[in-house]
There are 2 protein chains.
Amino acid sequence: MAQAGRRPGSTNTREQILAAARNQFAEKGYDGATIRGIAAEAGVNAAMVHHYFGSKEQVFASVMRFPMNPHEVIGEVLSGPRDEVGERMVRLYLRLWQEPESRAMFLGLVRSVTTTEQTAALVREFIEQVLFVRISETLGVPRFRISGALSQLVGMAMARYVLRVEPMASADDDEIVAMIAPVIQSYLTASST
Amino acid sequence: MAQAGRRPGSTNTREQILAAARNQFAEKGYDGATIRGIAAEAGVNAAMVHHYFGSKEQVFASVMRFPMNPHEVIGEVLSGPRDEVGERMVRLYLRLWQEPESRAMFLGLVRSVTTTEQTAALVREFIEQVLFVRISETLGVPRFRISGALSQLVGMAMARYVLRVEPMASADDDEIVAMIAPVIQSYLTASST
DNA sequence: GTCTATAATCGGATAGAC
DNA sequence: GTCTATCCGATTATAGAC
């Protein structure tokens, strides 16, 4: 005979909190977001957030986990015709900025790197130890030039999604690609210093 | 006969507060900085800050005034050989990031634009109404391409001064110019779309 | 699992003495 | 011009009832 009633234990509260936290951190950054605000958006009591995650910092850490496998996604860009790597990279980046989960992660990171050195250190390490290593050993391009490409991508996102300067904010993805991809391509192709 | 004693009235307290505020806002952004912290660094009582400036917002506004005439400095870049405008722009930008006053202003803006929409709106307006207008009417380049150049400069500063990613953080100014200036030049030269 | 109550800080702003 | 004292609001985090 089947056991009666619903099993005690995991509801979806944890997921609701996580989703709310994603939004709040994306909108306001680490300092600006509050446990109370997250709890309110999740429709639960503030104490529940502590119950599930322990501290604000741990909620943040849970939200900022990369929503997809970085190695996989990098590999996807680095394979394929060498003379189109710039375009593939820009298109991937724009796609990440459009999917809700990774977009929220990016926004949260941007809004936190600038104000808390802890987050800055985290991102810096990922860039230096994962991105630069992987890209430079695959493409044979010096790190300085990769950092040039990276800086262009970061700046584009700042202008388009954070500052929302026109006409960049309202441009089509294709227009962005047409303008930015050649620059990325040249950073990753020219093999000077 | 000369009047005896020192005239009552303005001491240099106001300037001390302003200098302290510049540092605090640069380090922590608008939200992170506190009136109490500013007062402490200035060596005065917290009430003095309100006495001189009224509110935290007004202190911020006073600090964020451009320390030099924007029109003058833009004119300096836009005059001169057309095929070197990219290099002049990058060099000016790097110089502004090195002089303490403008550097503090930039850092304060970066650390606030990302977290408070009010500051973002301020900067957005300056970029759209002053920078874009002036540059596009002088060089005859479409705004979209100017925004590309701007985004590259913003991203470079983020990587070099905020994230401090290596090797970009420790590179010489000349290396930065050698890599970035051609990109800026191409944004401001190519006259497509 | 969920909530109330509360401890312990810290923030901006103001009133008013000297 | 400068300071003390204080109001009022908001925050993270915890203890413990149900």
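Since this is a predicted model, take the numbers as computed values, not measurements. All chains are named by letter (A, B, ...) in the order of the sequence lines, taking the proteins before the strands, and each is independently numbered beginning at 1.
Taking A:F126 as the reference, nothing meets the ring pair (Phe, Tyr, Trp, His ring centres under 6.0 Å) condition, with sequence neighbours excluded.
Straight-line distance from the NE2 atom of B:H51 to the P atom of C:dG16: 16 Å, rounded to whole Å. Rounded to a whole Å, the CZ atom of B:F53 is 15 Å from the P atom of C:dG12. Atom C1' of nucleotide C:dG11 and atom CD of B:Q24 are separated by 14 Å, given to the nearest angstrom. The distance between atom CZ of B:F60 and atom P of C:dA13, rounded to the nearest whole Å, is 14 Å. Between A:I17 atom CD1 and C:dG1 atom C1' there is a gap of 11 Å when expressed in whole angstrom units. Rounded to whole angstrom, the span from the CZ atom of B:R36 across to the P atom of D:dA10 amounts to 16 Å. Between B:M48 atom CE and D:dG1 atom C1' there is a gap of 5 Å when expressed in whole angstrom units. With rounding to whole Å, B:E15 atom CD is found 12 Å from D:dG1 atom P.
Between A:T13 and C:dT2 there is a side-chain N or O to OP1 or OP2 distance below 4.0 Å.
Closest contact between the side chain of A:H50 and the listed nucleotides D:dA13, C:dT2, C:dA13 involves D:dA13. Distances were taken from every side-chain heavy atom of B:Y52 (C-beta onward) to each of C:dA13, C:dG1, D:dT2; the shortest belongs to D:dT2. The side chain of A:N45 lies closest to C:dC3 when the candidates are C:dC3, C:dA13, D:dC3.
Tracing side-chain contacts under 4.5 Å through hydrophobic residues (I, L, V, M, F, W, Y), one reaches B:W97 starting from B:I127; they form part of the same cluster.
Of the possible donor and acceptor atoms, one in the side chain of B:E128 sits under 3.5 Å from a partner among the backbone N and O of A:E166. A:E175 places a side-chain N or O within 3.5 Å of a backbone atom of A:D172 that can act as its donor or acceptor partner.
Within residues 26-35 of chain B, no residue is approached by DNA chain D to less than 4.0 Å at the level of any non-hydrogen atom.
With B:M89 as the fixed residue, the side chain to side chain contact (heavy atoms under 4.5 Å, CB included) test singles out one of B:L188, B:I180, B:I74: B:L188.
B:Q118 and B:E57 are linked by a side-chain donor-acceptor pair at a separation below 3.5 angstrom, with hydrogens and angles left out of the test. Side-chain atoms of B:Q24 and B:E41 include a donor-acceptor pair closer than 3.5 Å.
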